[in-house]
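Chain letters run A, B, ... following the sequence lines, proteins first, then strands; residues in each count from 1. Small disclaimer: the values here were computed from a predicted structure and weren't measured.
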Amino acid sequence: MNSKTQNKIAIGGLYGIAGLVVLILLALLGYILVSGVPQLSWHFLTAPGKAFLKGGGVGIQLYNSFYLLILAMLISFPIALGAAIYLYEYAKDNWVTTTIRTAIEILSSLPSVVVGLFGFLFFVVKLHLGFSILSGAFALTFFNLPLLTRSIEDSLRTISDVQREGGLALGLSRWETVTRVILPAAVPSILTGVILSAGRVFGEAAALIYTAGQSAPALDFTDWNPFNISSPLNPMRPAETLAVHIWKINSEGIMPDAKAISSGSSAVLVIAILLFNFAARYLGKRLYKRLTSA
Amino acid sequence: MKEEILTTQDLHLYYGDKEALKGINLNFDEKGITALIGPSGCGKSTYLRTLNRMNDLIPNVTITGTIKFKGDDLYAPSADTVQIRKEIGMVFQQPNPFPFSIYDNVIYGLRIAGEKDKEKLDAVVEKSLRQAAVWDEVKDHLHESALALSGGQQQRVCIARVLAVSPEIILLDEPTSALDPVSSSQIEATLLNLRHDYTIIIVTHNLQQASRIADRTAFFMNGELIEVDQTKNIFMNPANKQTEDYISGRFG
C-alpha cells in the first residue's frame with residue numbers, strides 16, 4: 001500500500017470518528033431539547049413544584065441553582081485566583097509547588113459524589129451547617145477550586161513574559177506588575193474560564209444531593225431579609241437545585257407529570273449551560289477586542 | 001572630563017556553572033550613546049541586563065563584582081530594584097506595549113506611582129511621545145489600543161513609556177532587530193534626539209547602526225570586554241586584532 005492511500009484511509013478514519021462524536025452529541029442534545037422544549041412555559045419556569053399533583057414548575061429550583069452558583073463562585077474565585085497567581089507568578093519550581101500541583105490534579109479528578117459525601121460529613125454533620133445552601137456552596141467550592149485554579153493559571157500562562165519584563169523594567173514591583181499589567185491582560189481569558197466552570201457547577205448534582213439537600217421549601221420572593229427562613233437569600237435553608245431535581249423526580253417522583261417535568265428541567269439545564277458557553281465565547285472575544293484593537 | 005554615572009568593576013556572571021561574563025570593567029559617562037557589539041552569545045545582552053538587575057528574574061544566576069550607579073552599589077543588600085529600574089529604564093528586542101491604550105501605556109509608570117493630576121499626565125504623555133518621535137503619528141488616537149500600531153510605532157511608544165518615568169539611563173536590548181529598515185531608522189533618529197539628555201546604552205547586532213549613532217562602542221567576545229573606545233576609533237582604527245576581524249566581517 002503506498003503512502004497516498006494510507007493517508008486517505010487515515011483521513012477517512014479520522015473524519016468518521018469525528019463525525020460519530022458529533023452525531024452522538026447531536027442525538028443527545030436533540031433528544032433532550034425535542035422532548036423538553038415543549039414543556040417549557042413561563043409558568044413552568046417560575047411556579048413552585050408540586051409533590052403530588054400535575055402542573056408544578058421548577059421556579060424555586062432554578063432560582064436555587066443560580067443562587068448556589070453565585071455563592072460558590074464568590075467563595076471559590078478569590079481562592080482560585082490567589083492560588084493561581086501564587087503558583088504561576090511567584091512560586092519557584094520545587095517540591096512544594098509540585099506537591100500543590102499534584103494535589104490540585106487529584107482533587108480535580110475526584111468523583112463529585114465523593115466530594116458530596118465529604119461535604120455531608122464535614123459541613124452538614126461536623127460543622128452543623130445542616131442541609132443548606134452554605135454547605136452546598138462549600139462542597140461546590142471543593143469541586144470547582146481545582147478546575148478554576150488550573151484554568152486561571154493557564155490564562156496567566158498565555159500572557160507573554162515580555163509583558164512581565166516590560167512592567168518590571170518600568171520600575172513596577174512584582175505585585176504591581178501582576179495586578180496592573182498581567183491580570184488586566186488576562187481578564188478575557190480568565191472570564192471565559194470562570195463562565196465555563198460556572199456551567200459545570202450549574203449542572204452538578206452528586207456533590208449537592210447530600211449537602212444542599214433534596215427539598216425546596218417554598219420561598220417568599222417579597223422577603224429579602226436573609227435571616228428569615230422563607231427568604232430567597234437565606235443561606236441556611238435547604239435548597240434543591242435543578243440538576244438535583246432532575247435526579248430526584250427520576251428516582252422517586254410521584255407527581256403524575258414527572259416525566260414531563262424531568263424533560264423540561266433537563267432542557268432548561270442544557271439551554272442554560274449552552275448559554276453560559278456562548279456567553280463565555282462572546283464576552284471573551286469582545287473584551288479581547290476592546291483591549292487589543294482600536 | 002564628564003562625570004561617570006555608571007561603573008562596573010570586575011563583573012562576573014554565572015548561569016549555574018557556566019561563566020557568561022568574565023570580569024568586565026566598563027564605565028559610562030553621563031549622556032551620550034554607547035553601543036555594545038559582538039557576536040551572538042558574547043555576553044553583551046547579559047551584561048546589559050545586569051545594569052538594571054533584570055537578571056534577578058532568572059533562577060541560578062550568580063553575580064560577583066561591583067556595579068555602581070552614581071556611586072551607589074546596585075547589588076548592595078539595601079538596594080531597591082524597583083527604584084533602580086525607575087532610574088535605569090529598559091527597552092526590549094520585541095516591542096512589548098501593554099494591551100491598553102497608547103495613553104495608558106505611556107503614563108503607566110506614573111499612574112502606578114500615584115500621579116492623578118490629569119493635566120500633568122496629559123503633558124507627560126505629549127512630551128514623552130514627542131521625545132520618542134512618535135507624537136505626530138499617534139496624537140489623534142491616543143485612546144486606541146497600542147497593539148493596533150505597527151511594530152516600529154509600538155517600539156517608539158515603549159521608548160516613550162520609559163521616558164515618562166524620567167530615568168537617567170536607558171538600556172536598549174537590540175531594539176530594532178525585530179523591525180523593518182524604515183522603522184529602524186526612525187528609532188535611530190529618536191535615539192540621536194535623546195542622546196543629549198540621557199545616558200543611552202544599546203546592544204546591537206547591526207554594526208552600521210552602531211557606527212551611525214554611537215559616541216562610544218564596546219566590543220564583547222566570549223564573555224570578555226575586548227575593547228572600548230570612541231566609535232570612530234573602533235571602526236577606523238581598532239587597537240585589537242579581534243575587533244578588527246569582527247568589524248571587517250571576518251567572523252560573527
Side-chain angles (χ1 to χ4, degrees), chain A residues 85-98 100-101 152-193 283-294, chain B residues 48-49 51-60 80-102 104-114 140-141 143-149 154 157-158 161-167 170-173 178:
Chain A
I85 290 178
Y86 171 73
L87 281 176
Y88 192 68
E89 302 287 344
Y90 284 90
K92 296 198 175 71
D93 261 336
N94 54 25
W95 65 271
V96 179
T97 45
T98 315
I100 296 178
R101 285 217 172 83
I152 297 177
E153 210 188 331
D154 286 341
S155 304
L156 295 176
R157 191 167 288 129
T158 61
I159 306 302
S160 154
D161 277 343
V162 298
Q163 297 280 343
R164 292 183 181 81
E165 290 192 327
L168 292 170
L170 216 53
L172 271 57
S173 68
R174 193 142 203 172
W175 176 242
E176 285 167 338
T177 305
V178 170
T179 52
R180 311 288 286 269
V181 177
I182 304 302
L183 279 185
V187 159
S189 121
I190 291 178
L191 185 78
T192 309
L283 283 175
K285 260 192 199 151
R286 252 196 79 158
L287 260 175
Y288 186 76
K289 247 193 187 155
R290 248 197 63 192
L291 287 169
T292 55
S293 71
Chain B
L48 191 78
R49 293 167 73 95
L51 299 180
N52 69 341
R53 294 192 55 171
M54 289 303 279
N55 282 328
D56 291 16
L57 307 178
I58 305 167
N60 274 329
D80 173 5
T81 52
V82 168
Q83 191 53 37
I84 288 168
R85 291 180 189 138
K86 273 184 186 141
E87 290 174 49
I88 308 180
M90 188 165 206
V91 176
F92 297 85
Q93 179 171 5
Q94 201 64 44
N96 60 348
F98 303 135
F100 313 123
S101 74
I102 297 167
D104 286 336
N105 260 283
V106 177
I107 59 162
Y108 227 66
L110 283 182
R111 185 174 273 171
I112 286 173
D140 296 326
H141 24 108
H143 294 284
E144 291 167 21
S145 170
L147 296 183
L149 298 172
Q154 288 188 9
V157 167
C158 290
R161 182 173 75 186
V162 170
L163 294 177
V165 288
S166 35
I170 303 172
L171 310 174
L172 300 106
D173 189 2

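- Atoms OG and CD, from A:S173 and B:Q83 in turn, are 12.0 Å apart once rounded to the nearest 0.5 Å.
- Only the side chain of B:L57 comes within contact range of chain A, judged by heavy atoms closer than 4.5 Å.
- The contact list for residues 160-172 of chain A toward chain B, using heavy atoms and a distance under 4.5 Å, reads A:V162, A:Q163, A:E165, A:G166, A:G167, A:L168, A:A169, A:L170, A:G171, A:L172 by residue number.
- When the candidates B:M54, B:R85, B:H143 are compared by the number of heavy-atom contacts under 4.5 Å with chain A, B:R85 comes out ahead.
- Under a cut-off of 6.0 angstrom, the local environment of CG in A:D93 is sparse, with at most 12 non-hydrogen atoms contributed by other residues, nucleotides or ligands.
- One finds the CD atom of A:E176 at 5.5 Å from the CD1 atom of B:I112 (value rounded to the nearest 0.5 Å).
- At a 4.5 Å heavy-atom cutoff, B:R53 makes no contact with chain A through either its backbone or its side chain.
- The residue among B:Q93, B:Q94, B:R49 with the most heavy atom pairs within less than 4.5 Å of chain A is B:R49.
- For B:P97, the part sitting under 4.5 Å from any heavy atom of chain A is the backbone (N, CA, C, O) and nothing else.
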